[in-house]
Amino acid sequence: MSDDSPKSVPVASVLEASKEMLQRQLYAIFTTPTNGLGPVFAGTEEHLDFQVKLESDGLLYATGPMWTDDEQSWEGEGLVVVKAASREDAIVIANRDPMHISGARSFTVRSWLINEGAMTITLNNSSQTFTVK
């Protein structure tokens, strides 16, 4: 029995099907250690400073480590989601990361369209704190 369903569809078709949704285009940068965790740990401070700068520049959507499948350890992989005009611009951003400049990590960039989801932010005026759920 063969599966005759398409293996891919044009982006325009996805956009048309989800035209009433958010359609927020972001870019996911998947980072992977190239030579163990030693070089990753050595470059952590510069890497975090770089990410904080991306955040202050309004380019960073979210970032953080990716656990192993059993959620018990970390092998140095990370995910950085950026706001960029194009995949090429996202690659330029990724190339500026000290982890990638030093060769401690390699990366791939994928386009990511956000359509669904929710986030709740509660601002507590009296304590000047907030929570995100």
Side-chain angles (χ1 to χ4, degrees):
M1 180 193 251
S2 69
D3 182 4
D4 292 333
S5 62
K7 302 221 182 311
S8 68
V9 296
V11 167
S13 297
V14 175
L15 293 173
E16 177 61 27
S18 62
K19 65 185 173 191
E20 300 300 321
M21 297 179 174
L22 180 62
Q23 293 191 341
R24 173 68 191 232
Q25 181 68 61
L26 299 173
Y27 297 89
I29 302 166
F30 297 91
T31 67
T32 306
T34 57
N35 193 23
L37 291 177
V40 171
F41 290 137
T44 297
E45 187 174 341
E46 286 181 309
H47 168 69
L48 295 177
D49 289 345
F50 172 74
Q51 291 186 110
V52 169
K53 176 80 167 94
L54 288 179
E55 182 180 54
S56 69
D57 290 346
L59 298 175
L60 187 63
Y61 181 79
T63 188
M66 297 177 68
W67 308 139
T68 55
D69 290 345
D70 64 6
E71 298 182 314
Q72 300 303 305
S73 61
W74 181 61
E75 296 176 345
E77 294 177 309
L79 173 63
V80 181
V81 181
V82 297
K83 305 169 198 171
S86 66
R87 182 174 179 272
E88 291 75 23
D89 288 349
I91 290 170
V92 169
I93 292 169
N95 276 323
R96 292 182 10 230
D97 187 326
M99 285 287 179
H100 303 142
I101 292 170
S102 72
R105 285 184 173 161
S106 62
F107 68 88
T108 58
V109 176
R110 299 287 307 267
S111 300
W112 181 37
L113 186 70
I114 297 177
N115 281 334
E116 307 92 6
M119 180 186 310
T120 302
I121 300 173
T122 303
L123 176 62
N124 302 301
N125 293 323
S126 62
S127 62
Q128 299 181 46
T129 62
F130 68 93
T131 55
V132 179
K133 298 179 184 176

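The model shown is predicted, which means the values in this text are computed figures rather than measured ones.
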**Summary of side-chain hydrogen bond (donor to acceptor under 3.5 Å, both in side chains) pairs that have at least one residue in residues 14-23, sequence neighbours excluded** = Glu16-Lys19, Ser18-Gln23, Ser18-Asn115
**Asked** Can you tell me if Ser13 uses its side chain to pair, donor with acceptor, with the backbone of Val9 under 3.5 Å?
**Response** no
**Request:** Go through the structure and list residues passing side-chain contact (heavy atoms from CB on, under 4.5 Å) with Glu55, not counting sequence neighbours.
**Result:** Leu60
**Message:** Holding to ring-ring contact (aromatic ring centres under 6.0 Å, His included), I want the full list of residues that pass it with Phe107, two or more places apart in sequence or in another chain.
**Reply:** His100
**Request:** Provide the closest heavy-atom pair for Ala84 versus Asp89 in the form atom of the first, atom of the second, distance.
**Result:** CB-CB, 4.0 Å
**Request:** Sort and list the pairs that fulfil side-chain hydrogen bond (donor to acceptor under 3.5 Å, both in side chains) and have at least one residue in residues 73-85, not counting sequence neighbours.
**Result:** Thr68-Ser73
**Fill in**
Interatomic distance, CG@Asn35 vs OG@Ser106, rounded to 0.5 Å, equals 11.5 Å
**Request:** Check whether any side-chain heavy atom of Val52 sits under 4.5 Å from a side-chain heavy atom of Leu54, and report yes or no.
**Result:** no
**Message:** Once rounded to the nearest 0.5 Å, what's the spacing between atom CD1 of Ile91 and atom CD1 of Ile29?
**Reply:** 9.0 Å
**Item:** Asn124 CG to Thr131 OG1 distance, which is reported to the nearest 0.5 Å
**Value:** 6.0 Å
**Leu15 side chain near Leu113 side chain, heavy-atom distance below 4.5 Å** = yes
**Asked** Looking at residues at least two apart in the chain, or sitting in another chain, which of them share a side-chain hydrogen bond (donor to acceptor under 3.5 Å, both in side chains) with Ser127?
**Response** Thr129
**Asked** Taking all atoms of both residues into account, what is the closest heavy-atom pair of Tyr27 and Ala90, and its distance?
**Response** CB-CB, 3.5 Å
**Asked** Considering residues at least two apart in sequence or located in another chain, which fulfil the side-chain contact (heavy atoms from CB on, under 4.5 Å) criterion with Thr44?
**Response** Phe41, Leu48, Met99
**Message:** By the salt bridge (Lys or Arg N to Asp or Glu O under 4.0 Å) test, which pairs, at least two apart or in different chains, include something from residues 100-128?
**Reply:** none
**Request:** Might you work through the side chain to side chain contact (heavy atoms under 4.5 Å, CB included) test for Trp67 and Gln72, ending with a clear yes or no?
**Result:** CA-CA 7 Å; Trp67 308 139; Gln72 300 303 305; over 6 Å; no
**Request:** Go through the structure and list residues passing side-chain contact (heavy atoms from CB on, under 4.5 Å) with Val132, not counting sequence neighbours.
**Result:** Met119, Ile121, Phe130
**Prompt:** Asp57: what forms a side-chain contact (heavy atoms from CB on, under 4.5 Å) with it, not counting sequence neighbours?
**Reply:** Lys53, Leu59
**Request:** May I ask you to check whether over 12 heavy atoms, not counting those of Asp70, lie within 6.0 Å of atom CG?
**Result:** yes
**Item:** Closest non-hydrogen atom pair, Arg96 against Ile101
**Value:** O-CD1, 3.4 Å
**Request:** Give me the other members of the hydrophobic cluster that Leu79 sits in, counting Ile, Leu, Val, Met, Phe, Trp and Tyr linked by side-chain heavy atoms under 4.5 Å, directly or via other members.
**Result:** Leu22, Leu26, Phe30, Tyr61, Met66, Val81, Trp112, Ile114
**Complete:** Interatomic distance, OG@Ser86 vs CD@Gln25, rounded to 0.5 Å, equals 10.0 Å
